[in-house]
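First up is the structure itself, then whatever we jot down about it.
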Amino acid sequence: MLDRAVIERLKRGVERLETEAELIERLERAEATGRPLRVKLGIDASGPDIHLGFAVVLRKLRQFQELGHTAVLIIGDFTGKIGDPTGRSKTRPQLTDEQVRENMQRYREQVFKILMPERCEFRYNSEWLDRLNATDIVNLAARYTVARLIEREDFRKRLDEGVPLFVHELLYPLFQGYDSVMVQADVELGGADQYWNLLVGRELQARFGQEPQVIMTVPLLVGTDGKMKMSKSYGNYVGISEPAGEMFGKLMSIPDELILDYFRLTTDKTDAEINEYERRLRSGENPRNIKAELARAVVTIYHSPAAAEQAAVEFDRVFREKQTPAQMPEFRIPDSGISIVDLIVQAGLLPSKSEARRKLQEGAVYLDGVRVNDPALVLKPAAEPVVLKVGKRRFVRLTG
RNA sequence: GGACGGGUUCCCGAGUGGUUAAAGGGGGCAGACUGUAAAUCUGCUGGCGAACGCCUACGGAGGUUCGAAUCCUUCCCCGUCCA
């Protein structure tokens, strides 16, 4: 008999589970027969970075691996080329084979920060989708109705608002569902926004005579902007491979209201620990401190406790005490001297000279802590290095 | 195939001959403040130039005009309805 604690652990942090009874049945069968479950997870190949939002579902997948099951990662190289319409009001750019391969190279390394490599199976869905001919596609399309397809909220919305919706986008969920058929998934995981897609897979499997997959979705993590879901395309994400300092800083920039959600979704903190954080927040303790603990916990997972400690110290040093960072890039001033405006651009602190002039005017530029306003200022090489600061977080050490 | 509507700066969206680098919002950045790269308030937000200024930009290409995002021609694309 299956240990109740196992189910509870798998269910923890899960938003929707269809269905619990089926999951228990499969787990028990796996235990009895010794055949591990095949747990599918689709990967978006549009960018090379894995962020904390996606890590939520990867961590869930890891739990299955720890129970001896197999992670089946579907790299959507075929569907990536089509463009995934999920949650977008517009058509996504399409990717080339080249881009997909490059992205995947880096992806693999990052995935193993969370998953156990020996229990992973990577599959490119072009493996089977590229081989479908017109007959196959019609045959697949004949197993699902248009009414069911356009039930999906974002399709519905685009139709209602007169925003273009292309036929190939309608096909996408079908192909994604077909992936489940091809890999014979027992369980499929996904973010909350994937729920509808996962259901399509479940139904298609049934229509292809397979036992329908169990589906589990985890909540979407809100991005650092506090508004939209964390996503590469919104630029509001924290990548799991980012340097510790960067990761720490981004986590400190999330709105205070998100602190508890982040603890729940991105760390291993227990319910009891999270309740304690909640109590402290309510008692009026400075949210900053609790957020710093969050940032530390997350950096510890992807780097190390030492790196987290260092990032925390550095953060206080730069943003609280307004001192200069321990490490910063260097820029050598040419012997002939250089204007402050050119310097800012050449050192890569700002993208254009116009922008540099504006920032000078706004009082955002400091040399060794002294505000500089004069755009005509020319710097000569000096014996002592000088620290140039633009805004709160851009520093460069100037050498002679 | 036809009728009508539409394509504007990073995004959304106003603008129907000069006062328009183009309202407003979003996003981003900066400043102030702060217990944080939270929140709040304020400012800035195409490029080059010290500066008068110059260049680039309103789907593409031509044209009218002293002058066009705004008018004309043509092409491309999107939507709605009809067939």
Side-chain angles (χ1 to χ4, degrees), chain A residues 87-93 155 157-169 222-238 242-263 277 280-281 283-296 298-299 311-325 337-342 344-346 348-366 369-378 388-395:
Chain A
R88 303 265 294 172
S89 55
K90 252 199 254 175
T91 311
R92 275 199 188 179
F155 285 163
K157 226 175 118 196
R158 283 161 67 179
L159 247 19
D160 288 347
E161 289 171 1
V163 177
L165 174 61
F166 294 86
V167 175
H168 75 285
E169 298 183 80
V222 176
T224 53
D225 59 358
K227 287 168 192 144
M228 294 178 290
K229 71 162 182 170
M230 185 173 283
S231 152
K232 292 164 200 162
S233 36
Y234 298 146
N236 61 358
Y237 72 97
V238 182
E242 294 193 53
E246 200 62 17
M247 196 180 261
F248 193 97
K250 282 191 181 183
L251 286 162
M252 289 304 285
S253 82
I254 65 170
D256 293 347
E257 306 76 66
L258 253 42
I259 295 174
L260 292 173
D261 276 346
Y262 267 62
F263 266 121
Y277 287 122
R280 285 168 60 191
L281 281 169
S283 75
E285 183 173 343
N286 182 1
R288 197 219 88 98
N289 298 335
I290 296 162
K291 211 193 283 182
E293 287 185 44
L294 165 72
R296 243 177 220 258
V298 175
V299 174
V313 170
E314 182 75 356
F315 186 88
D316 281 349
R317 179 184 156 92
V318 176
F319 298 109
R320 221 182 210 179
E321 296 154 27
K322 308 255 186 269
Q323 293 184 25
T324 57
I338 186 168
S339 82
I340 183 79
V341 171
D342 285 328
I344 289 169
V345 175
Q346 282 179 32
L349 298 176
L350 289 174
S352 76
K353 295 184 189 179
S354 298
E355 180 74 8
R357 276 190 207 94
R358 259 181 247 125
K359 289 293 168 266
L360 244 5
Q361 207 164 20
E362 287 170 3
V365 180
Y366 295 83
V370 181
R371 182 173 278 171
V372 183
N373 289 306
D374 181 14
L377 181 69
V378 173
L388 172 65
K389 177 187 182 195
V390 177
K392 288 190 183 80
R393 30 188 302 238
R394 275 165 290 204
F395 294 87

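Proteins come first, then strands; the chains are lettered A, B, ... in the order of their sequence lines, and each starts at number 1. Worth saying up front: this structure is predicted, and the values here are computed from it rather than measured.
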Pi-cation contact, A/Y366 with A/K322 (under 6.0 Å, within 45°):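 Here A/K322 fails the 6.0 Å and 45° test against A/Y366.
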When rounded to the nearest Å, what value does the distance between [atom1] atoms of [N] and [M] take?
N: B/C58; M: B/C11; atom1: C1'; result: 15 Å
N: B/U56; M: B/A61; atom1: P; result: 13 Å
N: B/U16; M: B/G7; atom1: C1'; result: 15 Å
N: B/A57; M: B/G15; atom1: C1'; result: 15 Å
N: B/U8; M: B/C54; atom1: C1'; result: 23 Å
N: B/C10; M: B/A21; atom1: C1'; result: 15 Å
N: B/C66; M: B/U20; atom1: P; result: 23 Å
N: B/A37; M: B/C52; atom1: C1'; result: 41 Å

For [X] and [N], give me the distance from atom [atom1] to atom [atom2], rounded to whole Å.
X: A/M252; N: B/U36; atom1: CE; atom2: P; answer: 8 Å
X: A/R317; N: B/A37; atom1: CZ; atom2: C1'; answer: 17 Å
X: A/N236; N: B/C11; atom1: CG; atom2: C1'; answer: 15 Å
X: A/E314; N: B/A37; atom1: CD; atom2: C1'; answer: 14 Å
X: A/E285; N: B/U34; atom1: CD; atom2: P; answer: 21 Å
X: A/E257; N: B/A39; atom1: CD; atom2: C1'; answer: 7 Å
X: A/L360; N: B/G31; atom1: CG; atom2: P; answer: 12 Å
X: A/R358; N: B/G49; atom1: CZ; atom2: C1'; answer: 14 Å

Compare all side-chain heavy atoms of A/I290 with those of A/F263 and state whether any distance is below 4.5 angstrom.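 Yes, at least one pair of side-chain atoms sits under 4.5 Å.
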Reckon A/K353 touches a base, only the sugar-phosphate, or nothing at all at heavy-atom distances under 4.0 Å?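 Sugar-phosphate, backbone atoms only, no base.
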Categorize A/I254 for me: base, sugar-phosphate, or nothing, with a 4.0 angstrom heavy-atom threshold over every strand shown. sugar-phosphate
Paired with [N]: which nucleotide, if any, by Watson-Crick or G-U wobble criteria at under 3.5 Å for both distances?
N: B/A50; value: none
N: B/U19; value: none
N: B/A39; value: none
N: B/G27; value: B/U45
N: B/U64; value: none
N: B/A14; value: none
N: B/G79; value: B/C4
N: B/A57; value: none

Take the angle between the ring planes of A/F315 and A/F248 and call it parallel below 30°, perpendicular above 60°, tilted in between.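 Aromatic pair A/F315/A/F248 classed tilted.
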Quick one: is [N] close enough that its OP1 or OP2 comes under 4.0 Å of any side-chain N or O from [X]?
X: A/S352; N: B/C48; answer: yes
X: A/S354; N: B/C48; answer: yes
X: A/R357; N: B/G46; answer: no

If you take atom types as modelled and just measure distance, does the side chain of A/D256 reach the base of B/U36 with a donor-acceptor pair under 3.5 Å? yes
Among [options], which nucleotide sits nearest the side chain of [X]?
X: A/F166; options: B/C78, B/G47, B/U36; result: B/C78
X: A/R320; options: B/G31, B/A37, B/U36; result: B/U36
X: A/K322; options: B/C48, B/A32, B/U34; result: B/U34
X: A/F315; options: B/G31, B/A37, B/U45; result: B/A37

For a side-chain contact (heavy atoms from CB on, under 4.5 Å) check, start with the C-alpha distance between A/L294 and A/I254, then their side-chain angles and the critical distance, and finish with the verdict. CA-CA 11 Å; A/L294 165 72; A/I254 65 170; 3.8 Å; yes
Steps toward side-chain contact (heavy atoms from CB on, under 4.5 Å) verdict (A/M230, A/V222): CA-CA 5 Å; A/M230 185 173 283; A/V222 176; over 6 Å; no
Between A/P375 and A/V365, which residue's closest nucleotide on RNA chain B lies nearer the 5′ terminus? A/V365
With nearest nucleotide decided by heavy atoms, which residue, A/M247 or A/A376, maps closer to the 5′ end of RNA chain B? A/M247
Give the C-alpha distance, both sets of side-chain angles, the deciding distance and a yes or no for salt bridge (Lys or Arg N to Asp or Glu O under 4.0 Å) between A/R288 and A/E293. CA-CA 9 Å; A/R288 197 219 88 98; A/E293 287 185 44; over 6 Å; no
Exactly one of A/D256, A/L258, A/L251 clears side chain to side chain contact (heavy atoms under 4.5 Å, CB included) with A/K291, and that residue is A/D256
Return the polar atom pairs (N/O with N/O) between nucleotides 26-30 of chain B and the protein under 3.5 Å, or none.
{"from": "B/G27", "atom 1": "OP1", "to": "A/K227", "atom 2": "NZ", "distance (Å)": "2.2"}
{"from": "B/C29", "atom 1": "O3'", "to": "A/R394", "atom 2": "NH2", "distance (Å)": "2.9"}
{"from": "B/C29", "atom 1": "O2'", "to": "A/K359", "atom 2": "NZ", "distance (Å)": "3.3"}
{"from": "B/A30", "atom 1": "OP1", "to": "A/R394", "atom 2": "NH2", "distance (Å)": "2.9"}
{"from": "B/A30", "atom 1": "O2'", "to": "A/E362", "atom 2": "OE1", "distance (Å)": "3.3"}

Report the C-alpha distance between A/E246 and A/K250 in whole Å, list the side-chain angles of each, state the deciding distance to 0.1 Å, and finish with yes or no for salt bridge (Lys or Arg N to Asp or Glu O under 4.0 Å). CA-CA 6 Å; A/E246 200 62 17; A/K250 282 191 181 183; 5.2 Å; no
Decide side-chain contact (heavy atoms from CB on, under 4.5 Å) for A/K389 and A/T324; before the verdict, give the C-alpha distance in whole Å, the side-chain angles of both, and the deciding distance to 0.1 Å. CA-CA 9 Å; A/K389 177 187 182 195; A/T324 57; over 6 Å; no
Any chance CD of A/Q361 has more than 12 other-residue heavy atoms, nucleotides or ligands included, within less than 6.0 Å? no
